[in-house]
Number of protein chains: 2
Amino acid sequence: MGVSHRKPVTMKDVAAHAGVSAATVSRALSGGRSMNPAVRDRVQAAARDLGYQINLLGRALRQQRLNIVGLMVPDLDNPFFAALAEQLARTLRSHGFELLVSSAAGSVEVEAQGVQSFLGQQIHSLVIIPCDEVESAATLRLAQQRVTVVQFDRRVATVDVPFVGGDNAAGMELIAAHVRATGVSESEVAFFGADPHSSSGRERWEGFHRAFPNSPQFSGAFDIDWGYQAVTELLSRGTKTGTIVAAADVIALGAISGLHAAGMNVPGDFRVVGFDGVGIASFALPKLTTVRQPVEKMSDAIRLLIGAEPGSATPAETLLQPEFVLGESSPE
Amino acid sequence: MGVSHRKPVTMKDVAAHAGVSAATVSRALSGGRSMNPAVRDRVQAAARDLGYQINLLGRALRQQRLNIVGLMVPDLDNPFFAALAEQLARTLRSHGFELLVSSAAGSVEVEAQGVQSFLGQQIHSLVIIPCDEVESAATLRLAQQRVTVVQFDRRVATVDVPFVGGDNAAGMELIAAHVRATGVSESEVAFFGADPHSSSGRERWEGFHRAFPNSPQFSGAFDIDWGYQAVTELLSRGTKTGTIVAAADVIALGAISGLHAAGMNVPGDFRVVGFDGVGIASFALPKLTTVRQPVEKMSDAIRLLIGAEPGSATPAETLLQPEFVLGESSPE
DNA sequence: ATGAAAGCGCTAACAC
DNA sequence: GTGTTAGCGCTTTCAT
């Protein structure tokens, strides 16, 4: 093991090998300018012979931009964010962009550092799912001075950066309508909320609260452990039956797991409703009743913002409608 | 909307503002060289005043490398890969590296393109979960000519690139021992295999085959849909009961979902065993019996390889032992 | 301890 | 249609 690395082949090497100038190599390999086909072929052959690979740094330094879009996510362990990343990567790739993903590990400091690094690399634009609707503001402002920025799924309201995401209020209304249709009373519903410092966490909380102002509400994080733990809190109040509305599918999954561990049956004893409907979480058993975020439409909307001319008019907000999905965790 | 972007502040600007040369700015901001503290403070103040952010491309072009590690994964939707990415990002961050993730979307072509792009960006090193144990070879060879490369979780055997991953054979032995201990006969066990063109898919298949050479085996992909579909195939053979060993947790999850849809009970009618034990899939209900891959140890091993001097002796293979986890999908 | 100057690899303006 | 030249932002000799 321990192979030493070959000195990179540069354009100058290819130029010498093909008997032309570096500029001609550049044109032959990437330029769209007209040129002698014979020369072009000779250059391409030389590049192949020598195993030439372009140094994108050189190009980017000269052109003042790299054809790469950066995506900053709070946490890749959350399957909703992972699904967003995968979908966005595919959408952007089909439009000539490459996506690189960085995780903030749930920390605004790491988020800030990652964005700084993206900016330092002269990325074309930045898509960010902000960690915190207050503390991420500085990072967003900084980024916006340098590149096109799009907030995705979560937003910082105090900053003038376009947003693409699902309509959390509408999603909660769909859920509330379903819960009401099942005939449960307000006192029998509980909300397992997520991070209230994120806009999605807060908006879903508010949406629930608007529909069921007197129901118990618990606040935690966007992860499975919190759902499990929240069940413990709920059961310790002596609750033996009811409906649980979770702020995310992962929380719902944890809740179902916790209920199961406590000997409860879903949907027999408790009905559980999730939020997101994307990625592996919604496939758990019993299959989740949830609202599905339109991930493809979200990615398309982002692509439009990214592709737009800087300075051109773009919507400040693209709110997409979720779709109700009836599963088995909350049958009618 | 549509803010136009400020012209970036360069070192020259900072130098002029502080009344020093660009070289001094460089030393004051990043250099470890000794210098007049008063001058250093003045430069740092100037940088702050002007909102200077370093252009990493300029630095990298000069230094011939960027302090970034690239991770190429086959697919971020697979929660095992997402968990690996998240863990590796954390491990590397605590050792001064930054991790950027790119998804191959399951395609060797996209994989090749993504690796090319990483190399073009002069990344410090590349960690790759190869898509295909044959067709990814060229990409690996190419990458190894330029940077330190580590194969992760999956490997291409025909290439001399160090590998870090779980011991799939040992994992399958743990599973086989468990299945045997539950007293099921060979004819009652079925294997839901994954992509046979990946080393992990093949090795788990072989491990199962060694233990149960006469059991039925189905081959598909590393995703939930395949697990669901495989159940259909199994049931169409008239099977009414038995044990299903899946090559991955996501497949097991799909299988459980399919069994459920077909009116079957787990573990009553069918017992299901998974593989990976990491990320959200293993939390599904009924809680999966699986073998857990030691993701943290894997990340540490990778960090050691990446941090090693190029040319120094490093292990060609780091095989880590999975741990049996008894869940509820296959009780004794 | 600091400055001047060269140069990393590439492309775009300009000249021929 | 192709070569020459300049320069993107940074670091690193080499002088001073």
Side-chain angles (χ1 to χ4, degrees), chain A residues 5-44 46-47 50-68 116-117 119-124 146, chain B residues 5-44 46-47 50-68 116-117 119-124 146:
Chain A
H5 307 133
R6 192 176 303 172
K7 179 176 155 296
V9 178
T10 73
M11 269 197 174
K12 223 196 287 191
D13 301 326
V14 177
H17 195 260
V20 296
S21 74
T24 299
V25 175
S26 175
R27 285 189 278 255
L29 297 181
S30 35
R33 289 279 294 278
S34 64
M35 64 181 295
N36 186 329
V39 176
R40 155 169 292 153
D41 292 347
R42 206 167 74 234
V43 170
Q44 288 176 341
L50 300 179
Y52 171 73
Q53 295 175 242
I54 191 169
N55 182 329
L56 294 174
L57 267 35
R59 168 185 286 179
L61 191 60
R62 175 65 223 235
Q63 297 188 329
Q64 302 278 42
R65 64 195 182 90
L66 204 48
N67 197 26
I68 284 180
Q116 287 263 15
S117 172
L119 296 177
Q121 288 169 71
Q122 315 301 103
I123 53 168
H124 176 279
R146 307 280 280 96
Chain B
H5 307 133
R6 193 175 301 173
K7 179 175 156 293
V9 177
T10 73
M11 270 197 173
K12 222 195 291 192
D13 301 326
V14 177
H17 194 260
V20 295
S21 74
T24 300
V25 175
S26 174
R27 285 189 277 255
L29 298 181
S30 34
R33 289 277 296 278
S34 64
M35 63 181 297
N36 187 328
V39 175
R40 154 169 295 153
D41 291 349
R42 206 168 73 233
V43 170
Q44 289 176 341
L50 300 179
Y52 172 73
Q53 294 175 240
I54 191 168
N55 182 327
L56 293 174
L57 301 187
R59 167 185 285 178
L61 190 60
R62 175 63 221 236
Q63 297 187 330
Q64 304 279 40
R65 65 188 179 113
L66 204 49
N67 196 28
I68 283 180
Q116 288 263 15
S117 172
L119 296 177
Q121 289 170 71
Q122 316 300 102
I123 53 168
H124 176 279
R146 308 279 279 97

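Order of the sequence lines sets the chain letters (A, B, ...), proteins ahead of strands, with each chain counted from 1. Just the heavy atoms: all of them, side chains too, but no hydrogens, waters or symmetry mates, feed the values below. Keep in mind it's a predicted model, so treat the numbers as computed, not measured.
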Exercise for review: Could you run through nucleotides 7-16 of chain D and give me one letter per nucleotide, 5' to 3': B if any protein heavy atom sits under 4.0 Å from the base, S if only the sugar-phosphate is that close, - if neither?
Suggested key: BBBBBB----

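- If you take CZ of A:Arg40 and P of D:dT2, they are 9 Å apart, rounded to a whole angstrom.
- Legend: residues meeting side chain to side chain donor-acceptor pair (under 3.5 Å) with A:Arg59, ordered by chain and number and at least two apart, are A:Ser30.
- Taking five base pairs at each end of the helix from C:dA1-D:dT16 to C:dC16-D:dG1, the local helix axes there meet at an angle of 40°, rounded to 10°.
- Scored by the side chain to side chain contact (heavy atoms under 4.5 Å, CB included) test, A:Gln116 finds A:Leu142, B:Gln53 as partners (sequence neighbours excluded).
- Side-chain nitrogen and oxygen atoms of A:Ser21 include none within less than 4.0 Å of the OP1 or OP2 phosphate oxygen of D:dT4.
- Scanning DNA chain C 5' to 3' for nucleotides with an atom closer than 4.0 angstrom to a non-hydrogen atom of chain A gives a first and last hit of C:dG9 to C:dA13.
- By the side chain to side chain donor-acceptor pair (under 3.5 Å) test, B:His124 pairs with B:Arg65, sequence neighbours left out.
- For B:Ala47, the side chain to side chain contact (heavy atoms under 4.5 Å, CB included) partners are B:Val14, B:Leu29, B:Tyr52, not counting sequence neighbours.
- Residues passing the ring-ring contact (aromatic ring centres under 6.0 Å, His included) test with B:His17, sequence neighbours excluded: none.
- When the side chain to side chain donor-acceptor pair (under 3.5 Å) test is applied to A:Ser26, no partner is found at least two apart in sequence or on another chain.
- Using a 4.5 Å cut-off on side-chain heavy atoms (C-beta onward), A:Ile68 and A:Ile123 make contact.
- Residues satisfying the side chain to side chain contact (heavy atoms under 4.5 Å, CB included) criterion with A:Leu57, sequence neighbours excluded, are A:Asn55, B:Leu57, B:Ala60, B:Leu61, B:Gln121, B:Gln122.
- Under the rule for a side chain to side chain contact (heavy atoms under 4.5 Å, CB included), the partners of A:Arg42 that lie at least two apart in sequence or sit in another chain are A:Val20, A:Val39.
- With hydrogens and angles disregarded, a donor-acceptor distance shorter than 3.5 Å links the side chain of A:Asp13 to the backbone of A:Thr10.
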